[in-house]
Amino acid sequence: MTRTRDNDACPGALTVHQAADGALVRIRLPGGMITPAQLTALAEVAEQFGSPAMELTSRGNIQIRALTDTDGAATALANAGLLPSPTHERARNIVASPLSGRSGGIIDVRPLVTELDNAIQADPALAALPGRFWFSLDDGRGDVSGIDTDTGVHALGDGTCALLLAGRDTGVRLETGDATSTLIEVARRFLDIHGKAWRITELDDHSALLDGLPVIAPAGATWPPTVQPPVGWIQQDDGRIALGAGLPLGVLQARTAHFLAAIESPLVITPWRSVLVCDVGEGEADMSLRVLAPLGLIFDENSPWLRVSACTGSPGCAKSIADVRADAAQAVDTPTESHRHFVGCERACGSPTTAEVLIATEDGYRLRTAPP
């Protein structure tokens, strides 16, 4: 499958998308990692220049909508260290196991996140990667290998990792130390052959991406998608606590972001539109829970809010024919066992792979019966 449109309009922090409610920017956070100072800076940008309702994305990034001064926002983001490479800012799409190095997993992939991010920025050719092309680094637990990124590695526990394309094990086995260079090479090869395709799944033939790489294991294995974010009180391997907070419909209010940043601990935005506050002592974690829970953050893994999501919908998106967030919020009162994702048009933006996707029509919603 190939695209019928040449222009990749995926937004970035500098590549602004003009939505129905104004300018929208997307700030990429490799591995979802963000410092308290950077989260404070984002909250201030949202409050000063746009909507205070920031959006978490399914790639562990943050969007700010309704911007009135995009130049002012860009300057503030750069000053916060959130734009280390203006030429490559849309190419820095890296998702990683959010709890890696803290709780569970086979290896700590956080150093690989930094290494891969630096390598992407150091390669001038990779500035041309489509904004939808992304990488995954799974520490062996299988949480992000099921997301179907374009290419990634999955730790195997013997000092090696499996190379993935479009969410499938290719049979290629790598030393962990070769992971970054191999992923960079796959991305370069994609640029050589992609034509109008924005994703590896859109290529008819993947063989050129693997040419010369050591295929020594059966290919084709996949991992089930993770649908539930890590929420609640999470014991870290070092005895400290990580607090996992879900967000209703993935919306993070700037005021709430200030409270999260005030804990002054490392933060991770997960691909399930939630936040991890990491490396917190038990006493501080208990006090933080008492402050954060009344703000609407979700710490109960059984909350019905974790089984409903929505695209932006009206009035923010001109293509939407319904206020899907309002409808999704009402649906929380009638919970189901399955995850429901409400969308305002056939594009079905942000749809989880295992969700019941409900598409708005003039007469209500219809269930999408097959992928678009």
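Model, not experiment: these values are computed from the prediction. Note that the numbering runs from 1 along the sequence shown for the chain.
Between L367 atom CG and R340 atom CZ the span is 11.5 Å, to the nearest 0.5 Å. One finds the OG atom of S51 at 9.0 Å from the CG atom of L67 (value rounded to the nearest 0.5 Å). Once rounded to the nearest 0.5 Å, the distance linking OG1 of T270 with CG of L56 reads 8.0 Å.
A salt bridge links D279 with R102: at least one charged nitrogen is closer than 4.0 Å to a carboxylate oxygen.
Formation of a donor-acceptor pair under 3.5 Å by the S58 side chain with backbone atoms of R273 is not found in this model. Here the side chain of E55 pairs no donor or acceptor atom with the backbone of I62 at under 3.5 angstrom. Counting only distance, with no hydrogens or angles, the side chain of N61 and the backbone of R26 share no donor-acceptor pair below 3.5 Å. The backbone N or O of T353 lies less than 3.5 Å from no partner atom in the side chain of H341, so there is not a single donor-acceptor pair. At least one donor-acceptor pair closer than 3.5 Å links the side chain of S181 to the backbone N or O of D178. With hydrogens and angles disregarded, a donor-acceptor distance shorter than 3.5 Å links the side chain of H206 to the backbone of I200. With hydrogens and angles ignored, the 3.5 Å screen pairs no side-chain donor or acceptor of R347 with any backbone N or O of S320. At least one donor-acceptor pair under 3.5 Å links the side chain of R28 to the backbone N or O of R90. With hydrogens and angles disregarded, a donor-acceptor distance shorter than 3.5 Å links the side chain of S351 to the backbone of A348. In terms of modelled atom types and a separation under 3.5 Å, the side chain of T334 and the main chain of A331 share a donor-acceptor contact.
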Starting from the C-alpha separation in whole Å, work towards a yes-or-no answer on side chain to side chain contact (heavy atoms under 4.5 Å, CB included) for I27 and Q63. CA-CA 6 Å; I27 298 91; Q63 293 184 163; over 6 Å; no

Do R132 and E202 pass the salt bridge (Lys or Arg N to Asp or Glu O under 4.0 Å) test, and can you show the C-alpha distance, the side-chain angles, and the key distance before you say yes or no? CA-CA 12 Å; R132 288 170 173 79; E202 298 166 10; over 6 Å; no

Step by step, would you call L243 with L289 a side chain to side chain contact (heavy atoms under 4.5 Å, CB included)? CA-CA 8 Å; L243 295 175; L289 272 176; 3.9 Å; yes

Evaluate the side chain to side chain contact (heavy atoms under 4.5 Å, CB included) criterion for residues Q235 and I241: first the C-alpha distance (whole Å), next the side-chain angles of each, then the deciding distance (0.1 Å), finally the verdict. CA-CA 5 Å; Q235 193 77 39; I241 305 300; 3.6 Å; yes

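Legend: side-chain hydrogen bond (donor to acceptor under 3.5 Å, both in side chains) pairs involving residues 157-166, not counting sequence neighbours, sorted by first then second residue: D158-T160. Residue pairs meeting the ring pair (Phe, Tyr, Trp, His ring centres under 6.0 Å) criterion with at least one member in residues 113-163, sequence neighbours excluded: F133-F135, F133-F190, H154-W223. The side-chain hydrogen bond (donor to acceptor under 3.5 Å, both in side chains) analysis of residues 36-46, with sequence neighbours excluded, yields the pairs T35-Q38. Within the structure, the side-chain hydrogen bond (donor to acceptor under 3.5 Å, both in side chains) test picks out the following pairs touching residues 284-296 (sequence neighbours left out): D286-R290.
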Mind listing the side-chain donor-acceptor pairs of residues 164-174 below 3.5 Å, one per line with the distance, residues two or more places apart or on another chain?
residue, atom, partner, partner atom, Å
R168, NH1, G220, O, 3.1
D169, OD1, G171, N, 2.8
D169, OD1, R173, NH1, 3.0
D169, OD2, R173, NH1, 3.4
D169, OD2, R173, NH2, 2.8
T170, OG1, L163, O, 2.8
T170, OG1, V172, N, 3.1

Distance-only check: which donor-acceptor pairs under 3.5 Å involve side-chain atoms of residues 115-130, not counting sequence neighbours?
residue, atom, partner, partner atom, Å
E115, OE2, T180, OG1, 2.7
D117, OD1, R92, NE, 2.8
D117, OD1, Q121, NE2, 3.1
D117, OD2, R92, NH2, 2.9
D117, OD2, Q121, NE2, 3.2
N118, ND2, T114, O, 3.3
Q121, NE2, D117, O, 3.4
D123, OD1, A125, N, 3.0
D123, OD2, R188, NE, 2.6
D123, OD2, R188, NH2, 3.0

Pairs of donor and acceptor atoms involving the side chains of residues 244-263, under 3.5 Å and at least two apart or interchain, shall be tabulated with distances.
residue, atom, partner, partner atom, Å
H258, NE2, E47, OE1, 3.1
H258, NE2, E47, OE2, 3.4

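Using modelled atom types, one finds no donor on one side chain facing an acceptor on the other under 3.5 Å when comparing T226 with R141. Side chain to side chain, D205 and S207 meet the donor-acceptor criterion of an N or O pair below 3.5 Å. Between the side chains of Q236 and S103, not a single donor N or O lies within less than 3.5 Å of an accepting N or O.
Considering only residues two or more places apart in sequence or on other chains, T151 meets the side-chain hydrogen bond (donor to acceptor under 3.5 Å, both in side chains) condition with none of them. Residues meeting the salt bridge (Lys or Arg N to Asp or Glu O under 4.0 Å) test with R59, sequence neighbours left out: none. With sequence neighbours excluded, no residue forms a ring-ring contact (aromatic ring centres under 6.0 Å, His included) with F49. Contacts of D327 classified as side-chain hydrogen bond (donor to acceptor under 3.5 Å, both in side chains), with partners at least two apart in sequence or in another chain: Y365.
Contact check for D21 versus P315: no side-chain heavy atoms found under the 4.5 Å cut-off. Two residues are said to be in side-chain contact when any heavy atoms from C-beta on lie closer than 4.5 Å; L82 and E89 fail this criterion.
Applying the side-chain contact (heavy atoms from CB on, under 4.5 Å) test between P271 and each of V95, T149, D143 identifies V95 as the sole match.
Summarising the hydrophobic clusters (Ile, Leu, Val, Met, Phe, Trp, Tyr; side-chain heavy atoms under 4.5 Å, direct or chained), the residues clustered with V343 are V357, I359.
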